[in-house]
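The next block holds one structure in the form of structure tokens; read it before the comments.
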Amino acid sequence: AALIGIFKGMTAVKKHDFGNPKHAIKNIGVLGAGLMGSGIAQVSADNGKYRVLLKDKDAVSVGRGEKVIDDAMKAKLKKKRMTNAAYCATNSRVIGLHDDHAHWKRHFSQADMVIEAVFEEISVKHKVLQEMESIIPEHCIFATNTSAIPIRQIAEGAKHPERVIGM
């Protein structure tokens, strides 16, 4: 009886009546190409089939993030958990950008969701959030990847705190 209750509870949580989203998510921006950011980018491009904008401060950092993604995809390819076509398609959906890239703001102005995976320091997160709010479209959701800082505290630095979510 207890297991049936857990099953029913889990099933009820998965169902919602929030309706359909007003804007379909097609483009995801990921700020920070470290281990966490590159992992988020990989899952978004591979499993979610989204176009992913992977951004960091310089080309070297972005290159390291892209290498982490490529190595993970090659491992799946080697284990035959991915076809060569899927490998190529996934890698083509990840677009590396950095501060010196001339068009990074134009790319992010098309983002439907931006996920920040920067240092766990409130001043850095506020700076990133404020910079992004001047670029991203009105419908864009800003997701923060944090484990230590309350979402409410991060959202305090936003013009539109209702668009800031935690993940």
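Numbers here simply count residues along the sequence, with the first being 1.
Panel note: side chain Gln130, backbone Gly157; a donor-acceptor pair is recorded below 3.5 Å. Using modelled atom types, no side-chain atom of Lys80 and backbone atom of Leu77 make a donor-acceptor pair closer than 3.5 Å.
Note on Val114 and Ile141: separate hydrophobic clusters, where clusters join Ile, Leu, Val, Met, Phe, Trp and Tyr whose side-chain heavy atoms are under 4.5 Å apart, directly or indirectly. No chain of hydrophobic side-chain contacts below 4.5 Å, direct or via other Ile, Leu, Val, Met, Phe, Trp or Tyr residues, connects Val94 to Val62. Criterion: ILVMFWY side-chain heavy atoms under 4.5 Å apart, direct or through other members. Under it, Val164 and Val128 are part of a common hydrophobic cluster. Residue Ile136 is not grouped with residue Ile165 when hydrophobic side chains (ILVMFWY) are merged at heavy-atom distances under 4.5 angstrom, including chains of intermediate members. Taking hydrophobic clusters as Ile, Leu, Val, Met, Phe, Trp and Tyr residues chained together by side-chain heavy-atom distances below 4.5 Å, Ile135 shares a cluster with Val124.
When the shell of 6.0 Å around CE of Met36 is examined, it contains 12 or fewer heavy atoms from other residues, nucleotides or ligands. Crowding of Leu35 atom CG: a count of heavy atoms from other residues, nucleotides or ligands under 6.0 Å not exceeding 12.
Ionic pairing of Asp56 and Arg64 is not present here: no N-O contact between side-chain nitrogen and carboxylate oxygen is shorter than 4.0 angstrom.
Considering every non-hydrogen atom in both Gly166 and Ile151, the closest pair reads CA-CD1, 3.4 Å. Between Gly29 and Ala111, the shortest heavy-atom contact is N-CB, 4.5 Å. Of all the heavy atoms in His107 and Leu53, the pair that sits closest is O-CD1, 3.4 Å. Heavy atoms only, all atoms of each residue included: Met82 and Tyr87 are closest at SD-CA, 3.6 Å. Of all the heavy atoms in Ala155 and Pro161, the pair that sits closest is O-CB, 3.6 Å. Between Ala33 and Ser61, the shortest heavy-atom contact is CB-O, 3.7 Å.
Partners of Tyr50 by ring-ring contact (aromatic ring centres under 6.0 Å, His included), not counting sequence neighbours: none found. The ring-ring contact (aromatic ring centres under 6.0 Å, His included) test applied to His160 returns no partner, not counting sequence neighbours. Evaluation of the ring-ring contact (aromatic ring centres under 6.0 Å, His included) rule for His126 yields no partner, not counting sequence neighbours. Remark: Ser134 engages no residue in a side chain to side chain contact (heavy atoms under 4.5 Å, CB included) (not counting sequence neighbours).
The structure places SG of Cys88 at 12.0 Å from CE of Met73, a figure rounded to the nearest 0.5 Å. In this structure, Met167 CE and Ile115 CD1 are separated by 4.5 Å, a value rounded to the nearest 0.5 Å. The CD1 atom of Ile154 sits 8.5 Å away from atom CG of Leu129, with the distance rounded to the nearest 0.5 Å. For the atom pair CD of Glu121 and NZ of Lys127, the computed distance is 11.0 Å after rounding to the nearest 0.5 Å. Taken to the nearest 0.5 Å, the CG atom of Asp70 stands 5.0 Å off from the CG atom of Asn91. Rounded to the nearest 0.5 Å, atoms CG (Asp112) and NZ (Lys26) are 7.5 Å apart.
Residue pairs meeting the side-chain hydrogen bond (donor to acceptor under 3.5 Å, both in side chains) criterion with at least one partner in residues 33-45, sequence neighbours excluded, do not occur; the list is empty. Within the structure, side-chain hydrogen bond (donor to acceptor under 3.5 Å, both in side chains) contacts touching residues 95-106 (residues at least two apart or in different chains) are Lys55-Asp99.
Looking at heavy atoms from C-beta onward, Glu138 lies out of side-chain contact with His23 at the 4.5 angstrom threshold. With contacts defined as side-chain heavy-atom distances shorter than 4.5 Å, the pair Phe142/Leu31 qualifies. At a threshold of 4.5 Å between non-hydrogen side-chain atoms, the residues Val52 and Arg93 do not count as touching. Here the side chains of Glu120 and Lys125 are in contact, with some heavy-atom distance below 4.5 Å. Looking at heavy atoms from C-beta onward, Met132 lies in side-chain contact with Phe108 at the 4.5 angstrom threshold. Counting heavy atoms from C-beta on, the side chains of Ile69 and Leu54 come closer than 4.5 Å.
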